[in-house]
Peer 1: 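Provided herewith is a single structure, encoded as structure tokens, for subsequent inquiry.
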Amino acid sequence: MNWILMLVNTFNSSEHIDDCLEAVIGQSYPIERIVVIDNASKDHTLQKLTKWTTKCTIIPNKLNNGFAGGHNQAIRMTDTDFCLILNPDVVLERNYIRNIIISLANHDQAGSATGKLLFKADPIHIDSTGLVINKARRAFDRGAHQKSVLFMQSEEVFGVSGAAAMYAREMINDISLNGEFFDEDFFAYKEDVDVAWRAQLLGWKAYYEPSAIAYHERGWKEGGRSSKPLFVRRLSYINRYKMMVKNDHITIILKHIIPLLVYECLSFVYALVREPKLLGAWGDFFRKFKELKQKRRVIQGKRRVSDREIYQWF
């Protein structure tokens, strides 16, 4: 038996948390422990969580530690074989965990896995079947908005979305930096892509299992990008550059120099004209640059795969 730790990180999640935890409790595969970290919610999340205290460990934080910090906090609390990171707006089908564990057991050097995530409000369309990354270092959910009847084969992917991601403890321990699995400099957004890239460099593989089904109420939706707080938009913008400093390599960059330069020019012009306040995120980038370089040295020093093996994903 593989022991599972279920981690749910809440922030103003009262609308979804009951559905999420009911599906977790109803899993066909036994879960050793369910930990819910609440990141200082201002709504009624904590009141709703009181009815789950006999089945879950509820940790109310006084400050919002972000997606990265909240999940790291829970990961450190146990030593289970696997950790399932789950957004509170995700509902799992009954056999999600069982099918993911079977998939991991069937693949060598498997460090992470995810299932088929469908839009909760529109389940005939896909939310994610894993992560892809392009030559401009932009990451996307694989299969997003395509028909749910597609992507029926179990296969290797670049990485897994943090919305419903199973990670092996062995991989967590291997790729963590300074005791952090998710880089807490990221706070939120693209921390799952950073983990996927780092894991690839260290030789770990990620898999997609179509028989594991979940439903996601995607948070970044109504109103579009401009409706989100400036803090959130800055994180989404600057974290891409942080993960590039840590994980990228000059030989691969040179192979992709044209699409990279084209995207950087377009991105800068867009920010300058449409969202100039985004550029304030560079202040945090340069304040953290020395730490980013130190992390890069550790990652590249432990790297176990060739440029060719990494190149296949871009």
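It should be emphasised that the depicted structure is a prediction, and the values quoted were computed from it without experimental measurement.
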Peer 1: To check you understand the geometry: which heavy-atom pair defines the closest contact between Asn9 and Gly70, and what is its length?
Peer 2: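 Looking at all heavy atoms of both residues, the closest pair is ND2-CA, 3.6 Å.
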Peer 1: Sequence neighbours left out, what passes side-chain hydrogen bond (donor to acceptor under 3.5 Å, both in side chains) with Asp38? Give chain and number order.
Peer 2: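 Asp38: side-chain hydrogen bond (donor to acceptor under 3.5 Å, both in side chains) contacts with Thr10, Ser41.
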Peer 1: Side-chain contact test, heavy atoms from C-beta onward, threshold under 4.5 Å: evaluate it for Ile100 versus Phe82 and give yes or no.
Peer 2: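 They are not in contact (no side-chain heavy atoms under 4.5 Å apart), so the answer is no.
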Peer 1: Scan Glu217, His216, His145 and name whichever one has a side-chain contact (heavy atoms from CB on, under 4.5 Å) with Phe119.
Peer 2: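 Filter result, single survivor: His145.
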Peer 1: In the structure I gave you, are the side-chain heavy atoms of Trp52 and Asp18 within less than 4.5 Å of one another anywhere?
Peer 2: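 Yes, side chains in contact.
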Peer 1: Okay, side chain of Thr50, backbone of Lys48: is any donor-acceptor separation there less than 3.5 Å?
Peer 2: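 No; judged by distance alone, with no hydrogens or angles, the pair does not exist.
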Peer 1: Excluding sequence neighbours, so at least two apart, what forms salt bridge (charged side-chain N to carboxylate O under 4.0 Å, His left out) with Arg303?
Peer 2: Asp307
Peer 1: Sorted by first residue and then second, give each salt bridge (charged side-chain N to carboxylate O under 4.0 Å, His left out) pair with at least one member in residues 95-124; sequence neighbours left out.
Peer 2: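 Pairs touching residues 95-124 that pass the test: Asp19-Lys120.
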Peer 1: Is the cationic atom of Arg142 (NZ for Lys, CZ for Arg) positioned less than 6.0 Å from the six-membered ring centroid of Tyr208 and within 45 degrees of its normal?
Peer 2: yes
Peer 1: Among residues at least two apart in sequence or on other chains, which ones pass salt bridge (charged side-chain N to carboxylate O under 4.0 Å, His left out) with Arg76?
Peer 2: Glu184
Peer 1: Is any side-chain heavy atom of Val160 closer than 4.5 Å to a side-chain heavy atom of Asp192?
Peer 2: no
Peer 1: If you measure from CG on Leu7 to CG on Leu84, what distance do you get to the nearest 0.5 Å?
Peer 2: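 With rounding to 0.5 Å, CG (Leu7) is 7.5 Å from CG (Leu84).
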Peer 1: Could you give all pairs that pass the salt bridge (charged side-chain N to carboxylate O under 4.0 Å, His left out) test and reach residues 262-274, with sequence neighbours left out?
Peer 2: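 Applying salt bridge (charged side-chain N to carboxylate O under 4.0 Å, His left out) to every pair that reaches into residues 262-274, excluding sequence neighbours, yields Arg240-Glu264.
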Peer 1: Below 4.5 Å, heavy atoms only, C-beta onward: do Ile4 and Thr80 meet side chain to side chain?
Peer 2: no
Peer 1: Please tell me if the side chains of Tyr167 and Met171 come closer than 4.5 Å, counting only heavy atoms from C-beta onward.
Peer 2: yes
Peer 1: Please report the closest heavy-atom contact between Pro259 and Lys135, naming both atoms and the distance.
Peer 2: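 Of all heavy-atom pairs spanning Pro259 and Lys135, the closest is CG-CB, 3.8 Å.
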Peer 1: Please identify each residue that fulfils side-chain hydrogen bond (donor to acceptor under 3.5 Å, both in side chains) with Ser103, with sequence neighbours left out.
Peer 2: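 Once residues adjacent in sequence are excluded, Ser103 has no partner under the side-chain hydrogen bond (donor to acceptor under 3.5 Å, both in side chains) criterion.
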Peer 1: Would you compute the distance between atom CG of Asp81 and atom CZ of Arg169 and round it to the nearest 0.5 angstrom?
Peer 2: 8.5 Å
Peer 1: Who else is in Phe140's hydrophobic cluster (ILVMFWY, side-chain heavy atoms under 4.5 Å, direct or via others)?
Peer 2: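 Its cluster mates, by chain and number, are Val132.
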Peer 1: Is there any salt bridge (charged side-chain N to carboxylate O under 4.0 Å, His left out) pair reaching into residues 195-207, and which pairs are they, with sequence neighbours excluded?
Peer 2: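 For residues 195-207: Glu156-Lys205, Asp194-Arg198.
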Peer 1: I'd like to check Arg304 versus Trp204 (side-chain heavy atoms, cut-off strictly below 4.5 Å). Are they in contact?
Peer 2: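 Yes; the side chains approach each other to less than 4.5 Å.
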Peer 1: With sequence neighbours excluded, what pairs up with Glu309 under the salt bridge (charged side-chain N to carboxylate O under 4.0 Å, His left out) test?
Peer 2: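 Glu309 satisfies salt bridge (charged side-chain N to carboxylate O under 4.0 Å, His left out) with no other residue.
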Peer 1: Might you work through the salt bridge (Lys or Arg N to Asp or Glu O under 4.0 Å) test for Lys242 and Asp284, ending with a clear yes or no?
Peer 2: CA-CA 10 Å; Lys242 289 181 177 179; Asp284 178 66; 2.6 Å; yes
Peer 1: What residues, two or more places apart in sequence or in another chain, satisfy ring pair (Phe, Tyr, Trp, His ring centres under 6.0 Å) together with Tyr215?
Peer 2: none
Peer 1: Taking the inter-plane angle between the rings of Phe231 and Phe187 on a 0 to 90° scale, is it parallel (under 30°), tilted (30 to 60°) or perpendicular (over 60°)?
Peer 2: perpendicular
Peer 1: Contact between Phe158 and Val193 at the side-chain level, heavy atoms closer than 4.5 Å - yes or no?
Peer 2: yes
Peer 1: Among side-chain atoms of Gln73 and Asn61, is any donor-acceptor pair under 3.5 angstrom?
Peer 2: yes
Peer 1: Using the six-membered ring wherever Trp is involved, compare the ring planes of Phe289 and Phe285 and label them parallel, tilted or perpendicular (cut-offs 30° and 60°).
Peer 2: tilted
Peer 1: Should Ile252 and Arg137 count as side-chain neighbours, where that means a heavy-atom distance under 4.5 Å?
Peer 2: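 When only atoms from C-beta onward are counted, Arg137 and Ile252 do touch, with a gap below 4.5 Å.
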Peer 1: Which atoms form the tightest heavy-atom contact between Ser14 and Asp43, and what is the distance?
Peer 2: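 What the structure gives for the nearest pair is OG-OD2, 3.0 Å.
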Peer 1: So does Gln146 have more than 12 non-hydrogen atoms from other groups sitting under 6.0 Å from CD?
Peer 2: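 Yes, CD of Gln146 has more than 12 neighbouring heavy atoms, counting only those of other groups under 6.0 Å.
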Peer 1: Please name the pair of heavy atoms, one in Leu92 and one in Ala214, separated by the smallest distance, quoted to 0.1 Å.
Peer 2: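 In terms of heavy atoms, the two residues are closest at CD2-CB, 3.7 Å.
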Peer 1: Among all residues two or more places apart in sequence or in another chain, which pass the salt bridge (charged side-chain N to carboxylate O under 4.0 Å, His left out) test with Asp185?
Peer 2: Lys288, Lys295
Peer 1: Under a 3.5 Å cutoff, is there a donor and acceptor pairing between the side chains of Asp248 and Trp197?
Peer 2: no
Peer 1: State which residues pass ring pair (Phe, Tyr, Trp, His ring centres under 6.0 Å) with Phe268; sequence neighbours excluded, sorted by chain then number.
Peer 2: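 Checked Phe268 against ring pair (Phe, Tyr, Trp, His ring centres under 6.0 Å); zero matches.
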